[in-house]
Amino acid sequence: MTERTFIAIKPDGVQRGLISEIIGRFERKGFKLVGLKQLIPSKELAQKHYGVHKDRPFFGDLVEFISSGPVIAMVWEGEGVILNARKLIGATKPLEAEPGTIRGDLAIDIGRNIIHGSDGSETAAFEINLWFEDSEINEWKTSDYKWRVES
Ligand code: DAT
Ligand code: MG
């Protein structure tokens, strides 16, 4: 099923010069970028984004960190992109993330795991709506779609 997910490169990924490395993995897999912007998230945005974790002991540090510098916010579209993106990203703890995944290859610390991806369809809808205006998301067709998905 064609769906959309929210992906963000966190301040550590941006600072470490990993933007193109990360975007490239989603492109090469065959997904389509339909929204992209750089912003320094407000505390309020970060708190809403991580609202499900508000009672966790790491919540304050997490919000502080996400709003500490530029983030690359993206919407990616494709067949099963929500779960596929979670697979490409790998487990939350870099030690548990398999080599070959973004976190498995590029991160060593749970508090600096460089990327966020929505964990389900409801979360994806919530997060896309939180981070993007409708007018910032583009509908377009890739010319090679038929070489990626059998119709
Ligand atoms: P994910 O980012 O894989 O969806 P999550 O939603 O459980 O993971 O947690 C959100 C972020 O919070 C995670 O990317 C890093 C941070 N985090 C989670 N658990 C943590 C912990 N035990 N200590 C420190 N930071 C943590
Ligand atoms: Mg999560």
Side-chain angles (χ1 to χ4, degrees), residues 1-138 148-149:
M1 187 182 61
T2 299
E3 52 187 22
R4 287 176 175 171
T5 194
F6 174 71
I7 301 292
I9 304 175
K10 299 178 182 181
D12 48 345
V14 175
Q15 289 288 350
R16 291 177 54 202
L18 295 172
I19 298 170
S20 60
E21 164 75 37
I22 291 170
I23 289 179
R25 290 180 180 222
F26 286 88
E27 278 190 320
R28 292 201 299 273
K29 176 74 173 170
F31 294 125
K32 181 170 66 177
L33 186 59
V34 296
L36 172 75
K37 61 183 174 183
Q38 185 188 67
L39 73 162
I40 301 178
S42 65
K43 290 259 161 56
E44 189 191 4
L45 174 57
Q47 282 164 354
K48 282 186 186 157
H49 174 74
Y50 279 127
V52 291
H53 297 305
K54 66 178 186 304
D55 297 325
R56 309 283 284 276
F58 56 81
F59 181 69
D61 286 346
L62 182 59
V63 166
E64 196 71 36
F65 174 59
I66 294 299
S67 53
S68 68
V71 161
I72 304 297
M74 296 176 277
V75 181
W76 285 88
E77 185 181 289
E79 301 292 310
V81 70
I82 299 172
L83 287 181
N84 264 294
R86 294 285 294 190
K87 274 202 148 174
L88 290 179
I89 290 169
T92 307
K93 295 181 184 167
L95 185 60
E96 291 171 5
E98 296 296 330
T101 64
I102 292 167
R103 287 168 173 166
D105 287 347
L106 305 171
I108 52 175
D109 187 318
I110 191 169
R112 298 288 184 269
N113 63 9
I114 68 173
I115 181 167
H116 167 84
S118 308
D119 64 7
S121 55
E122 277 181 24
T123 324
F126 170 78
E127 292 172 353
I128 291 168
N129 185 55
L130 178 64
W131 289 78
F132 282 87
E133 303 289 338
D134 286 350
S135 61
E136 295 175 314
I137 298 175
N138 304 307
R148 301 179 185 280
V149 180

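The figures here come from the full heavy-atom set of this structure, side chains too, leaving out hydrogens, waters and symmetry mates. Atoms within a ligand are numbered from 1 in the order they appear, just like the ligands themselves. Since this is a predicted model, take the numbers as computed values, not measurements. Nothing fancy with the numbering, it's 1 onward along the sequence.
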Open item on the list: Test side-chain contact (heavy atoms from CB on, under 4.5 Å) on Lys54 and Gln47; report intermediate values, then the result.
Closed with: CA-CA 8 Å; Lys54 66 178 186 304; Gln47 282 164 354; over 6 Å; no
TODO: Starting from atom 23 (N) of ligand 1, locate the nearest protein heavy atom and write down its residue, its atom name and how far away it is, to 0.1 Å.
DONE: Phe58 CD2, 3.7 Å
Open item on the list: Need the ligand 1 atom indices (1-based, order shown) with element for anything under 4.0 Å from a heavy-atom of Arg86.
Closed with: 1 (P), 3 (O), 4 (O)
- [ ] Would you mind running through ligand 1 and noting each atom that sits below 4.0 Å from a heavy atom of Tyr50?
- [x] 10 (C)
Task: Any Arg112 heavy atom less than 4.0 Å from ligand 1 - done: no
- [ ] For atom 7 (O) of ligand 1, find the nearest protein heavy atom and state the residue, atom name and distance (0.1 Å precision).
- [x] His53 CE1, 3.7 Å
Open item on the list: Quick check: do Thr5 and Asn84 have side-chain heavy atoms less than 4.5 Å from each other?
Closed with: no
Task: Residue and atom name of the nearest protein heavy atom (relative to atom 1 (P) of ligand 1), distance in Å to one decimal - done: Thr92 OG1, 3.5 Å
Open item on the list: Is the terminal nitrogen or CZ of Arg112 (NZ for Lys, CZ for Arg) located under 6.0 angstrom from the six-membered ring centre of Phe65 and within 45° of that ring's axis?
Closed with: yes
- [ ] Would you check whether Lys10 reaches within less than 4.0 Å of ligand 1, judged by its heavy atoms?
- [x] yes
Task: atom 15 (C) of ligand 1 [closest protein heavy-atom partner, distance rounded to 0.1 Å] - done: Ile110 O, 3.4 Å
- [ ] Report, in ascending order of atom number, the atoms of ligand 1 lying under 4.0 Å from any heavy atom of Asn113.
- [x] 13 (C), 14 (O), 15 (C)
